[in-house]
**Student:** 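Below you'll find the structure I mean.
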Amino acid sequence: MELTISQLAEQLGAELAGDGKKNISAVAPIESAGENDVTFATNSAHIAKLASSNAAAAIVQKRIEGADIAQLIVKDVNSALITSLNIFAPKLKAPAKGIDPSAVIAKDVQIGPDVSIGPGVFIDNGVNIGENTVIAAGCKIGQNSKVGKNCRIDSNVVIYYNCTIGNNVVIQANTTIGSTGFGYAFINGEHRLIPHNGGVIIEDCVEIGANCCVDRAKFDNTIIGAGTKIDNLVQIAHNVKIGKCCLIVAQVGIAGSCKIGDGVVLGGQAGLVDNVEIGDGAMIGAQSGVMQNISAGQKVLGSPAIEIRNALKFMSLTKRLPELLKQLGKRVDKLEASKNDKD
Amino acid sequence: MELTISQLAEQLGAELAGDGKKNISAVAPIESAGENDVTFATNSAHIAKLASSNAAAAIVQKRIEGADIAQLIVKDVNSALITSLNIFAPKLKAPAKGIDPSAVIAKDVQIGPDVSIGPGVFIDNGVNIGENTVIAAGCKIGQNSKVGKNCRIDSNVVIYYNCTIGNNVVIQANTTIGSTGFGYAFINGEHRLIPHNGGVIIEDCVEIGANCCVDRAKFDNTIIGAGTKIDNLVQIAHNVKIGKCCLIVAQVGIAGSCKIGDGVVLGGQAGLVDNVEIGDGAMIGAQSGVMQNISAGQKVLGSPAIEIRNALKFMSLTKRLPELLKQLGKRVDKLEASKNDKD
Amino acid sequence: MELTISQLAEQLGAELAGDGKKNISAVAPIESAGENDVTFATNSAHIAKLASSNAAAAIVQKRIEGADIAQLIVKDVNSALITSLNIFAPKLKAPAKGIDPSAVIAKDVQIGPDVSIGPGVFIDNGVNIGENTVIAAGCKIGQNSKVGKNCRIDSNVVIYYNCTIGNNVVIQANTTIGSTGFGYAFINGEHRLIPHNGGVIIEDCVEIGANCCVDRAKFDNTIIGAGTKIDNLVQIAHNVKIGKCCLIVAQVGIAGSCKIGDGVVLGGQAGLVDNVEIGDGAMIGAQSGVMQNISAGQKVLGSPAIEIRNALKFMSLTKRLPELLKQLGKRVDKLEASKNDKD
């Protein structure tokens, strides 16, 4: 794919400042962009480096003076960046529509129009797949589960029975949806599993990374709200309810029955003990250990997680604490010695 | 499935207090239970809410006075709850007995009676599968491995060669058993893998969640003791020995050659460095970092993990520590100033 | 496989001290070795136990006096150990060369000589597989990806499109290579994915454990340098660059665009926030949280990660800190009381 800068400007609805004749064939960051690349400035560090970039053109929000580079001025740089990346995306063949002959499909499965079902897929009884959805090679979908329209279920994903996946959902490779949660009762000297009669509901526009686990509920459903995005290797336990438009970074672990509001951000490797509630818009820092409820809008960090300002103050102390205490101890020693001398 | 309260009482061997005529079709927690649900009270919070529940009936250990709800009085509420959940479990077709035509089975494999082998399974030479076991779609079982009776190996599980799985074992989707451990020697400027000649032994009644890894041993076997239950995304390294009836919560990491006693509980995201020993009945809190041996019955928390009382004291300090030190510093300043005035 | 001690000495190029007639059939650690085992001493603890070992022979670097056991004296014990383990490795049938009939291979795939492609594999358009490589059962390889020579890609691994795997690479079961990274822009009230036009490059002799994730890059490539070894359940985000001969222990999480030098060691469960740079030879302790750049050769520990000496000092304080502060507070109380008395 190649466009002139002018053609790209047109496609982005951008105002062009500078010469529009050069050809563009890719998007690249400022540092590595070459003469056929368009780059972009989303922050002041980018803007500062723009004059020295080898890119043919830059997507910017305001015209940058002093940079001798063609500029594509747009209202929202990120939006234009996404459009540009899609224009210059690597060309791939679309997955073949229909059912690969090696797939095994139970008798009473309903499959919408324009669905693609890849090699080695197994779809069990009572499953319903919405139109235009791609079930990639090796996926297994259990009884009575439902996958909506325009979904992309990547290779080797396992969806257990009685799970409901909305529309426009992406689930990446090797992820497991609907496994039985970790709920045991200790009876007569052994841990006995509490059966999980509930399911999983994944709402529209959710995106889940690779090698994640979302457990089914004991009762009702484990729910992931519309528009929430989940990174790789994340654990979501039984009966968790996650609101809309959350961001959950890699390796987060959410224990059973947690309730997470809308627009919450959970940093990488953070862990939540069971039954905590996180208010709308709260931000939980990376590696935090959340042991109690977090109010809406609160920002916390640390294990245990505390208000971020306090956490940062504490963290800045860790390096100096042994010396600080030693010095303080010595000063008290001296005061005591002096007092004893005088007594 | 629908039963009257009386019929359910009979099936549970429960004493019925109240009217037994209403129909029950599901189990639900107290807060969300409706008029056709049976609920349960396993703790005092449940008991307090019982009077206001909309449930048709409640499973309880002692008759709760003042609650206008049919009560099913049993010796062990959890046990009756498990029975009830099984009675009202969603109806699913049992996996088909026999070998799906799309499975690939090597020549010298031994398969017991009533085994179900799903689509796309690959079973390599010398494998032995015990009666009534279900090997779900997409599983791969390596040479000379053995899976016992009444096991449930869920979709896309990979079991490498020379692994031994006992009876009544459950392994959930996308888990890997018998991968080569992380053991390298640095020789002539490169990390060279130390071959892993050992295997994995998973004893009876072990249950392992989704997307876990259990590495094979360098020598002998990595062992998971009977009745131990493991959550999702857990890492168990080479040569680890885990005792009986342990509970290992999600995202725990156990490094090489650790020895874990019986009845140990490892909280979520806890990590153990290599070669530590954990005594019987010890409890390791969530996110703990265990760097040394833990005695039987000890409860530890924190990274590094220390006695839980000390850890909680320390953790309660983190929020106040910077201010505490500042105040203490000021008081010492004042004492010094006063002393200097007098000198 | 059985060899006399003399025969083994010959194969290892070892000097034999003691009787060489006994038969050896396995390698075992000193504690558990029996009369047909060869053992090894790689450290002083091993040497101390040698005299009491039941092993038939021991691989050692220097002759150990006073130990009544045949000794195989070699220059590098680890190297001889690796050779011995390979000699006595469990006998397995080699994977069948050629393409299993159940595999689905797109039309324009190039497959080198002596390649083994297992049951249920799916290889998409434009893929290139180098000679002598084993693609085990259930793997999925996306469009235009390339796997080099002598690689071992274990069961159910998913490699997305446009990924490049070098020679002599091992990727263990259920790992995902080339998933789309976690990059979103918040536009008009929703998180919109930033397309990932880049790929993944895994250089020669890299070994990756089970259930790992390596995300593709937004631009350019996520790169794992030659000879780097990665344990299980590790997360490597988009645009990360890892140098040569690093060791990355289980459950590590590396956020986007981190740059890691050569010979770096990342301990288990450590996490790196995005965009940090780790210098050559740095060592990051287990469970560390790295929030800023780490210089070459630096050793850090803790969350936040600080110089290891400081971290250990701080960690040794955690147990005593509440009591220490209390005592210090009391001493200051006393000094103040005494001062007030005198005033």
Side-chain angles (χ1 to χ4, degrees), chain B residues 102 104 120 122 124-125 138 140 142-144 156 158 160-162 174-176 179-180 182 184-185 187 189-197 199 211-213 215 218-220 233 235 237 251 253 255 269 271 273 289 302-304 306-307 310-311 313-314 317 321 324-325 328 331-332 335 338, chain C residues 26-29 32 76 78-79 81-82 85-86 88-90 92-93 100 102 118-120 136-138 154-156 170 172-174 205 207 209-211 227-233 245 247 249-251 267-269 286-287 302-303 315 318-322 325 328-329 332 335-336 339 343:
Chain B
S102 67
V104 176
F122 173 48
D124 210 339
N125 295 287
K140 315 294 184 278
Q143 289 178 47
N144 307 322
N156 288 356
V158 176
Y160 282 78
Y161 59 92
N162 289 0
N174 284 319
T175 279
T176 302
S179 37
T180 298
F182 198 67
Y184 290 90
I187 297 171
E190 58 178 25
H191 300 293
R192 280 185 59 203
L193 181 71
I194 296 174
H196 282 56
N197 287 3
N211 293 70
C212 292
C213 298
D215 282 342
K218 282 192 274 192
F219 318 101
D220 309 322
L233 289 162
Q235 153 71 358
Q251 296 178 318
Q269 298 185 332
V273 303
S303 179
I306 55 175
E307 189 70 42
N310 292 326
K313 271 188 204 163
F314 170 72
L317 257 187
L321 186 63
L324 257 171
L325 284 170
L328 210 51
R331 289 166 66 193
V332 173
L335 287 163
S338 147
Chain C
V27 184
S32 62
D76 187 322
N78 276 318
S79 180
L81 171 61
I82 289 171
L85 282 164
N86 281 325
F88 299 112
L92 299 171
K93 289 189 193 172
D100 188 274
S102 67
D154 289 349
S155 297
N156 288 357
V170 174
Q172 294 202 74
N174 284 320
C205 303
E207 297 179 15
N211 294 69
T228 284
K229 313 298 183 187
I230 298 175
D231 202 344
N232 300 331
L233 290 163
C245 292
L247 292 177
V249 182
Q251 296 178 317
Q269 298 185 332
Q287 291 192 332
S303 179
M315 286 176 171
T318 57
K319 208 186 298 193
R320 300 178 292 122
L321 186 63
L325 284 170
L328 209 52
V332 173
L335 287 163
E336 286 173 341
K339 170 178 161 290
D343 284 350

**Student:** Counting heavy-atom pairs closer than 4.5 Å to chain C, which one of B:Ala311, B:Ala237, B:Ser303, B:Gly142 comes out on top?
**Tutor:**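 Ranked by contacts with chain C, first place is B:Ser303.
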
**Student:** Heavy-atom pairs under 4.5 Å with chain C are the metric here; pick the option from B:Asn144, B:Val332, B:Leu321, B:Thr180 that has the most.
**Tutor:**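 Counting heavy-atom pairs under 4.5 Å, the top option is B:Thr180.
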
**Student:** Relative to chain C, which of B:Asp215, B:Asn162, B:Asp124 shows the most heavy atom pairs under 4.5 Å?
**Tutor:**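 Of the candidates given, the most pairs with chain C belong to B:Asp215.
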
**Student:** Work out which heavy atom in B:Leu325 is nearest to a heavy atom in C:Leu325; give both atom names and the distance.
**Tutor:**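 Of all heavy-atom pairs spanning B:Leu325 and C:Leu325, the closest is CD2-CD2, 3.8 Å.
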
**Student:** Which atoms of B:Val158 are under 4.5 Å from chain C, going by heavy atoms: the side chain, the backbone, both sets, or neither?
**Tutor:**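 Both backbone and side chain.
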
**Student:** So, using ring-ring contact (aromatic ring centres under 6.0 Å, His included) as the criterion, who are the partners of B:Phe182 when residues are at least two apart?
**Tutor:**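 Partners of B:Phe182 under the ring-ring contact (aromatic ring centres under 6.0 Å, His included) test: B:Tyr184.
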
**Student:** Taking every heavy-atom pair that is under 4.5 Å apart, which of B:Ala185, B:Pro195, B:Gly302 has the most such pairs with chain C?
**Tutor:**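 Most pairs with chain C among the choices: B:Pro195.
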
**Student:** Any donor-acceptor pair under 3.5 Å linking the side chain of B:His191 with the backbone of C:Gly227?
**Tutor:**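 Answer holds: no.
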
**Student:** Using atom types as modelled and distance alone, determine if a side-chain donor or acceptor of C:Asn232 lies under 3.5 Å from a backbone N or O of B:Gln235.
**Tutor:**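 Flag not set: sc C:Asn232 to bb B:Gln235 has no pair under 3.5 Å.
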
**Student:** Under the ring-ring contact (aromatic ring centres under 6.0 Å, His included) test, which residues partner B:Phe219, sequence neighbours left out?
**Tutor:**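 Expected list: C:Phe40.
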
**Student:** Ignoring hydrogens and angles, tell me if any N or O in the side chain of B:Gln143 forms a donor-acceptor pair with the backbone of C:Lys93 under 3.5 Å.
**Tutor:**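 Here the side-chain-to-backbone pair exists.
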
**Student:** Kindly give the heavy-atom pair with the smallest separation between B:Asp220 and C:Ser32, and that separation in Å.
**Tutor:**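 What the structure gives for the nearest pair is OD2-OG, 3.6 Å.
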
**Student:** Pick one of side chain, backbone, both or neither for B:Lys140, based on which atoms fall under 4.5 Å of a heavy atom in chain C.
**Tutor:**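 Contact with chain C is through the side chain of B:Lys140 alone.
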
**Student:** Checking heavy atoms, do the side chain of B:Leu328, its backbone, both or neither come under 4.5 Å from chain C?
**Tutor:**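 For B:Leu328, the side chain is the part near chain C, not the backbone.
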
**Student:** Relative to chain C, which segment of B:Asn125 carries a heavy atom at a distance below 4.5 Å: side chain, backbone, both, or neither?
**Tutor:**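 The side chain, not the backbone.
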
**Student:** Using non-hydrogen atoms and a 4.5 Å limit, figure out which bit of B:Leu193 sits close to chain C: side chain, backbone, both or neither.
**Tutor:**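 For B:Leu193, backbone and side chain are both near chain C.
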
**Student:** Is it the side chain or the backbone of B:Asn211 that comes within 4.5 Å of chain C heavy atoms, both, or neither?
**Tutor:**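 Contact with chain C: backbone and side chain both.
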
**Student:** Identify which of B:Lys218, B:Glu307, B:His196, B:Gln251 forms the greatest number of heavy-atom pairs closer than 4.5 Å to chain C.
**Tutor:**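 Most pairs with chain C among the choices: B:Gln251.
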
